[in-house]
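Here, residue 1 is the first one in the sequence, and each next residue gets the next number. Because only heavy atoms are used, hydrogens play no part in the values below, and waters and symmetry mates are left out as well, while side chains stay in. All ligand and atom numbering here is 1-based and tracks the order in the structure.
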Amino acid sequence: MAQITFEEISASDFFYRNRDIAGFTNPTRAIFAAIRELVENSLDAAESIKVPPDIYVRLSFEGEASQETQIYKLRVEDNGCGIPPRHIPSAFGQVLYGSKYKLKQQRGTFGLGGKMAILYGQITTHQPATIISSTSPSSKIYMYKLMIDIQRNRPIILDRKVFLNKEGWRGTVVEFSLEGDYLRAMPKILEYFKQTAMVNPYANITFVDPKGRLYKFVRATTIMPDPPKETLPHPYGVDVELLQRLIQITPYNNMLEFLKNHFHRVGEITANKFLEFSGISPSKNPKKLSHEEIVKLMQMLKKFKEFLPPDASCLSPLGEELLKTGVLKELKPEFVAVHQRKPATYAGHPFIVEVAIAYGGEIPQRGGFVIYRFANRIPLLYDEASDVSVKVINAVNWRRYKVSPDMPIAIVVHICSTKVPYKTVGKEFIADRPEVRREIANGLREVARQLQRFLTRREHVDRERKRLGVFGKYLPKIAEFSTKLAGREKPPDIEKLLRSVRRFGAEGV
Ligand SMILES: Nc1ncnc2c1ncn2[C@@H]1O[C@H](COP(=O)(O)OP(=O)(O)OP(=O)(O)O)[C@@H](O)[C@H]1O
Ligand SMILES: [Mg+2]
């Protein structure tokens with residue numbers, strides 16, 4: 001009889017075995033995902049201290065790995081907050097370790113991305129990663145060389161050095177080698193940078209590719225959105241586990257204070273109303289609640305209708321001005337309309353949808369809309385068909401707005417939230433939540449109406465221009481003919497009239 005053996009694996013072992021779910025599927029996807037994960041970390045790091053990001057990415061060729069794949073060295077440098085030295089080994093050498101497990105809008109969510117890139121590099125090249133970081137212009141610079149002990153999910157420190165920070169540098173450098181297929185990945189990588197520049201118009205991004213080609217995305221503004229604040233859980237989104245954890249850590253010994261201090265938008269009045277509604281005494285000590293009482297508390301929290309919706313101060317949308325700046329900078333369209341929806345919620349998580357529609361200019365005409373999807377300012381480039389935005393765009397009756405897919409039209413949808421409903425840890429597409437779907441649809445309708453007005457106006461201008469063109473063409477002939485008919489010798493001076501007609505046409509009515 002075959003023997004069944006049971007074993008336990010570590011988190012890094014799990015992601016080593018299942019790297020596809022984090023986007024590291026093949027050498028093409030892996031090189032794209034590695035760049036993306038590191039750039040996102042850098043953008044988060046600079047934004048967290050409200051410094052316009054300066055990010056330098058270099059991919060250099062190191063050697064052939066096989067017929068199709070090569071070994072590259074990837075270096076990403078930023079001017080962000082840096083990492084305190086004691087956290088560097090775990091932040092880069094231990095899967096599911098991070099500083100972003102907070103209810104706050106950030107690109108990072110899972111405590112995984114940077115490590116997946118390093119892990120992939122390690123298993124394909126057996127080389128350590130180098131991390132250099134400084135947390136302030138007056139602090140020292142720390143350098144670590146490390147690898148990941150995949151079975152134990154622990155960093156292995158191979159070297160550590162401390163340098164004086166003579167130039168007052170703050171930021172982080174991450175460098176490691178990995179196998180990849182840059183040629184295949186190139187279009188997506190360049191598209192990623194272009195779209196990142198579009199929704200982060202305050203960032204300077206430089207990319208040097210393996211051929212030494214330089215791609216520079218220069219910031220169009222230094223204005224940055226206000227950094228998001230951390231928020232408390234909203235009562236509609238809690239479950240029993242969360243309640244138990246809060247009860248364990250709470251310093252408050254009565255229910256009134258417990259509710260007021262651990263939940264989002266619960267003040268004295270709401271807390272009292274809720275306690276009356278659920279029949280719990282305000283003076284009850286939360287630590288004395290039985291398991292059954294905790295379950296009941298959770299159910300009552302969901303039933304109570306008077307909790308205020310989450311407020312959006314914990315979110316940092318781009319804002320209509322910045323979104324417009326980004327679209328104008330990267331697409332140079334003839335027309336753009338942007339719209340930001342009011343904050344909404346799903347499962348107790350606040351979110352804001354921003355949409356833009358752009359027409360003409362550098363937007364290609366390719367028999368379908370060009371769709372740009374973003375979540376917390378991250379471009380989403382894969383699995384377009386499964387994404388909620390695409391589903392909504394396809395469901396809109398565009399003919400109503402005199403818009404057809406063969407026009408040069410780009411649609412931008414940005415969703416920001418303290419918890420973006422991603423379908424995978426590779427952050428490629430967003431789940432189809434009815435609340436999110438509704439917000440996107442309403443946003444699209446608004447910008448579609450504006451585009452319709454523009455197109456109607458333009459059609460009118462075109463018609464007028466054509467009419468005036470015809471007029472300009474036949475007027476000399478008419479003048480000549482009528483001169484003859486009237487038996488005159490000299491035709492009237494029509495130049496003045498033609499000039500004003502041309503000017504009229506050029507100004508576009
Ligand atoms: N360039 C950087 N500057 C400052 N801190 C960084 C940088 N890169 C990574 N970190 C720190 O390392 C942690 C781990 O990064 P990692 O990318 O693995 O996970 P994450 O960003 O938290 O989540 P996600 O898996 O969604 O990317 C981060 O939470 C952050 O604290
Ligand atoms: Mg990250």
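For the pair Arg377 and Glu47, the salt-bridge criterion is met [side-chain N within less than 4.0 Å of a carboxylate O]. Ionic pairing of Lys391 and Glu384 is not present here: no N-O contact between side-chain nitrogen and carboxylate oxygen is shorter than 4.0 angstrom. Salt bridge annotation for Lys104-Glu230: absent, with no cationic side-chain nitrogen under 4.0 angstrom from a carboxylate oxygen. In this structure, Glu77 pairs ionically with Arg75, as a charged nitrogen and a carboxylate oxygen lie closer than 4.0 Å.
Below 3.5 Å of separation, one finds an N or O of Phe110 facing an N or O of ligand 1. Below 3.5 Å of separation, one finds no N or O of Arg107 facing any N or O of ligand 1. The shortest N or O to N or O distance between Gly114 and ligand 1 is below 3.5 Å. Distances between N or O atoms of Ile83 and those of ligand 1 include no value under 3.5 Å. For ligand 1, none of its N or O atoms has an N or O atom of Tyr97 under 3.5 Å away. Residue Gly98 places no N or O, backbone or side chain, under 3.5 Å from any N or O of ligand 1.
Distances from atom 23 (O) of ligand 1 to the heavy atoms of Gly171, Ala91, Gly426, Gly111 put Gly111 nearest. The residue among Met116, Glu37, Gln94, Lys115 with a heavy atom at the shortest distance from atom 18 (O) of ligand 1 is Lys115.
Using a non-hydrogen distance threshold of 4.0 Å, Tyr101 does not register as a contact of ligand 1. For Gly80, the closest heavy-atom approach to ligand 1 does not fall below 4.0 Å. Assignment of Lys427 to the shell around ligand 1 is supported, since a heavy atom sits closer than 4.0 Å.
Heavy-atom contacts from other residues, nucleotides or ligands closer than 6.0 Å to CZ of Arg184 number 12 or fewer. The local environment of NZ in Lys423 is sparse, with at most 12 non-hydrogen atoms from other residues, nucleotides or ligands closer than 6.0 Å.
Distance alone, capped at 3.5 Å, places no donor-acceptor pair between the Lys427 side chain and the Thr424 backbone. A donor-acceptor pair under 3.5 Å links the side-chain atoms of Arg219 to the main chain of Pro53, judged by distance alone.
Side-chain atoms of Asp149 and Gln151, non-hydrogen and from C-beta on, do get closer than 4.5 Å to each other.
Scanning the protein for heavy atoms near atom 28 (C) of ligand 1, the closest one is Lys100 CE, 3.7 Å. Looking from atom 3 (N) of ligand 1 to the surrounding protein, the closest heavy atom is Ala45 CB, 3.2 Å. If you check which protein heavy atom lies closest to atom 29 (O) of ligand 1, you get Ser99 N, 2.8 Å. Here the heavy atom of the protein found nearest to atom 15 (O) of ligand 1 is Asn41 ND2, 3.8 Å.
Coordination check, Asn41 versus the Mg ion (ligand 2): passed, since an N/O/S atom of the residue sits under 2.8 Å.
When non-hydrogen atoms are compared, ligand 1 lies under 4.0 Å from the backbone of Leu112 as well as from its side chain. Contacts between Asp78 and ligand 1 below 4.0 angstrom, taking non-hydrogen atoms only, involve the side chain exclusively.
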- Message: Under the criterion salt bridge (Lys or Arg N to Asp or Glu O under 4.0 Å), I'd like the reasoning laid out for Arg36 against Glu40: C-alpha separation, chi angles, the key distance, then a yes or no.
- Response: CA-CA 6 Å; Arg36 197 189 103 162; Glu40 271 160 30; 3.0 Å; yes
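Taking the ring axis of Tyr382 as reference, the NZ or CZ atom of Lys188 stays within 45° of it and closer than 6.0 Å to the ring centre.
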